[in-house]
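Comments concern the structure below.
Position 1 is the first residue of the sequence; numbering continues from there.
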Amino acid sequence: VCLASKKQHAHLPAAGPATTVEMQVAMANTTTAYRDAEMQSNSGSDGESSRSGSADGADIAILGMAGLMACCAAIPGLVIAIMQIMAVNEYSKDNSSLWTGEMKPGYNEACHRIFEVMRYTVLMIIVNAVASSFANATKACGPKSLVITADGVQEGEPDHGPCDWIPKMTNLFTLGITVWGMITVLQVDKADCKDCLNLHDVAWWSYIGLFLVMIAMCCCICVPFMLAASASG
């Protein structure tokens, strides 16, 4: 029996050293695969970070262009408004001419037509300023918006006020007066306004020149803005 058991043990393979080597090889392969997966994960996160960084840069560029466009659009309008007030004051009969429409004597019908539309334009500048101030002052009385935060749904600042429709109505009237002024300037010959040439020039820049400037600004600023927006999208 002892001899038979020894023969059986002699035919069994030696498992000690070979098993240890195989375990070391398996552990080495597992470590290598883990390192490869970690490198791929890091490269993917770096790519996502670079893409998010480029997207943030594009958003900043778009906001910068929008701010530049708003500033460039506001400056010519402010300059024209000052010129309109000064021109109407120059040809007014007295301090109440803005309300009565009385012009200094000695001017022909062409000058009176331009003065009339310029007077209404200056009036609408005042009305628009008052309407905007009143709408902003009453905005706090409007319904508050709902903001989703980490703590849940909370009330935010009001989206609109109860008097926001007033500036919209005054802007419509201003648009109508602008169209009226454009038609008047195109109908009146500049030679007929030699006695009120300054008034005619201010009217031309108010109703036609500013419109052409806005078109040129749109071509120079809005087109790159749209291209940047499409590239970021």
**Prompt:** Does S97 use its side chain to pair, donor to acceptor, with the backbone of M103 at less than 3.5 Å?
**Reply:** no
**Message:** So S206 and T121, do their side chains get closer than 4.5 Å, heavy atoms only?
**Reply:** no
**Side chains of V79 and M83 in contact at under 4.5 Å (non-hydrogen atoms)** = yes
**Asked** Transitively linked via ILVMFWY side-chain contacts under 4.5 Å: L123 with V179?
**Response** no
**Asked** Is the side chain of N108 donor-acceptor paired with the backbone N or O of C111 at a distance under 3.5 Å, no angle test?
**Response** yes
**Prompt:** Got F173 and N128 here, is their nearest side-chain heavy-atom distance under 4.5 Å?
**Reply:** no
**Request:** Considering non-hydrogen atoms only, spot the tightest contact between L98 and R119 and give its length.
**Result:** O-NH1, 2.9 Å
**Prompt:** Looking only at heavy atoms, which two atoms of A135 and C163 are closest? And how far apart?
**Reply:** CB-O, 3.6 Å
**Request:** Identify the heavy atoms of T138 and P162 that sit nearest to each other, and give their distance.
**Result:** O-CD, 3.1 Å
**Asked** Taking atom CD of E109 and atom CD1 of I114, what is their separation to the nearest 0.5 Å?
**Response** 11.0 Å
**Fill in**
In short, M182 meets I208 closest at the heavy-atom pair CG-CG1, 4.1 Å
**Asked** For Y207 and L186, what are the C-alpha separation, side-chain angles and deciding distance, and is it a side chain to side chain contact (heavy atoms under 4.5 Å, CB included)?
**Response** CA-CA 10 Å; Y207 308 118; L186 293 175; over 6 Å; no
**Prompt:** Can you name the closest pair of heavy atoms from G181 and V117 and give their distance?
**Reply:** CA-CG2, 3.5 Å
**Validation row: F115, Y107 side chains within 4.5 angstrom (heavy atoms)** = no
**Message:** To check you understand the geometry: which heavy-atom pair defines the closest contact between Y91 and C196, and what is its length?
**Reply:** OH-CA, 3.6 Å
**Asked** Is there a side chain to side chain contact (heavy atoms under 4.5 Å, CB included) between M118 and V122 once you walk through the steps?
**Response** CA-CA 6 Å; M118 287 285 293; V122 173; 5.6 Å; no
**Side chain to side chain, K190 and D201, heavy atoms closer than 4.5 Å** = yes
**Prompt:** Does some side-chain heavy atom of K168 sit less than 4.5 Å from a side-chain heavy atom of L172?
**Reply:** no
**Hydrophobic cluster membership, W205 vs I125, 4.5 Å side-chain cutoff** = no
